[in-house]
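The structure appears right after this line, and notes come after that.
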Protein chains: 2
Amino acid sequence: MPRVLKKPSSTGCSVERALSLIDGKWKIVILYKLLRGTLRFNELRRLIPGVTQRMLTNQLRELEADGLIVRVVYAQVPPRVEYSLSARGESLEPVLLALKDWGDTNLSSIEAQAA
Amino acid sequence: MPRVLKKPSSTGCSVERALSLIDGKWKIVILYKLLRGTLRFNELRRLIPGVTQRMLTNQLRELEADGLIVRVVYAQVPPRVEYSLSARGESLEPVLLALKDWGDTNLSSIEAQAA
DNA sequence: GCACATAGTGTCTAAAAGGATACCGTGAAG
DNA sequence: CTTCACGGTATCCTTTTAGACACTATGTGC
């Protein structure tokens, strides 16, 4: 997406502002994958084909800054970093599931039409 | 958002592909406003402060191309163009409402935290 | 001594998104 | 005669996004 200026806050309706938090090519997918539980950095990378290391890092940092996910670093070698949904992230579950349901039932016909 | 190349189709999961259809700074807001019924171009413009004429036109065209909204032109002067949700657009209602609910209950605390 | 795995960071660049501004035709109103 | 409303277009320019690629540290295994 476009991307909304960081925290314009007072502008727009709640839908618009909610969007700014999950805006980014990979954020929703990341949140969706984390619905099923904690994942490590490279596990996420493997689950989301196409994402680059840099983008994954960026998106995870933004999600963390917005309080939607939790990042836990274990002081080990090799490093171990685990990502999981925060309570707030989990509260997005209805949105994520609604989106997936919609995709599952509508995408095939839409893509067929576009072809 | 970034914006996904037009119809890469076979890539990514259903969530990811569903996202590409509602990607764009204003699309979800437009769909949300149309949930309540048909609106004319300038009505939408007034309901969505901050959108420019060009962007509104672009987003409406893309939504139409993806079969989510219907555009009806009346041959009158001054012109009258009405936009409404297609059946497919209406099927997004659960997603839109889930997003709004989430925003209403979570945005204030998130924005307070960010401040 | 070499490569490997983890979880990154840095830089550079291309492409896309989106904003600003000006302009268009028509008919009715003043 | 001028202006207004409507629903756009056209052009230009800036910002944002995100992809490629190289590089890092550390400890372990071969």
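Below, read A as the first sequence line, B as the second, and so on, with proteins coming before strands; counting in each chain starts at 1.
OP1 or OP2 of D/dT16 has not a single side-chain nitrogen or oxygen of B/K25 nearer than 4.0 Å. Within the 4.0 Å cut-off from OP1 or OP2 of C/dA5, not a single side-chain nitrogen or oxygen of A/R80 is found.
Nearest nucleotide to the side chain of A/Y83, out of C/dT6, D/dC6, C/dG8: C/dG8. Taking only side-chain atoms of B/R71, from C-beta outward, the nucleotide of C/dA20, C/dT9, D/dG7 with the closest atom is D/dG7. Listed candidates were C/dG19, C/dT6, D/dG7. Nearest to the side chain of A/P79 is C/dT6.
Remark: nothing in residues 32-48 of chain B comes within less than 4.0 Å of DNA chain C through any heavy atom.
Rounded to an integer number of Å, the gap from OH of A/Y74 to P of C/dA7 is 12 Å. The CD1 atom of A/I30 sits 13 Å away from the C1' atom of D/dA18 (whole-angstrom rounding). Residue A/L60 contributes atom CG, which lies 14 Å from atom C1' of C/dT6 at whole-angstrom precision. Rounded to whole Å, atom P of C/dT6 lies 14 Å from atom CD of A/E82. Following rounding to the nearest Å, B/Q76 (CD) and D/dG8 (C1') show an atom-to-atom distance of 16 Å. Here the C1' atom of nucleotide C/dG18 and the CG atom of A/D23 are 13 Å apart, to the nearest Å. Rounded to an integer number of Å, the gap from CE of B/M55 to C1' of D/dC12 is 16 Å. Between A/L56 atom CG and C/dG10 atom P there is a gap of 16 Å when expressed in whole angstrom units.
Exactly one residue among B/L56, B/L60, B/T38, B/L39 makes a side-chain contact (heavy atoms from CB on, under 4.5 Å) with B/Y83. That residue is B/L60.
Mapping B/Q53 and B/Q59 onto DNA chain C by nearest heavy atom places B/Q59 at the nucleotide closer to the 5' end. Comparing A/V77 and A/V51 by the nucleotide of DNA chain D that holds the closest heavy atom to each, the one mapping nearer the 5' end is A/V51.
Judged purely by atom type and a 3.5 angstrom limit, A/E43 uses its side chain to pair as donor or acceptor with the backbone of A/R40. The backbone N or O of B/V70 sits nowhere less than 3.5 Å from a side-chain atom of B/E64 that would complete a donor-acceptor pair.
Note: the hydrophobic cluster containing A/V73 also contains A/L44 (ILVMFWY, side chain heavy atoms under 4.5 Å, direct or indirect links). If you chain together hydrophobic residues whose side chains sit under 4.5 Å apart, B/L35 and B/I48 fall into the same group.
One cannot find a donor-acceptor pair under 3.5 Å joining the base of C/dG8 and the side-chain atoms of A/R54.
Of the charged side-chain nitrogens involved, at least one lies within less than 4.0 Å of a carboxylate oxygen, so that A/E82 and A/R80 count as a salt-bridged pair. Salt bridge status for A/K27 with A/D23: absent, with no side-chain N to carboxylate O gap under 4.0 Å.
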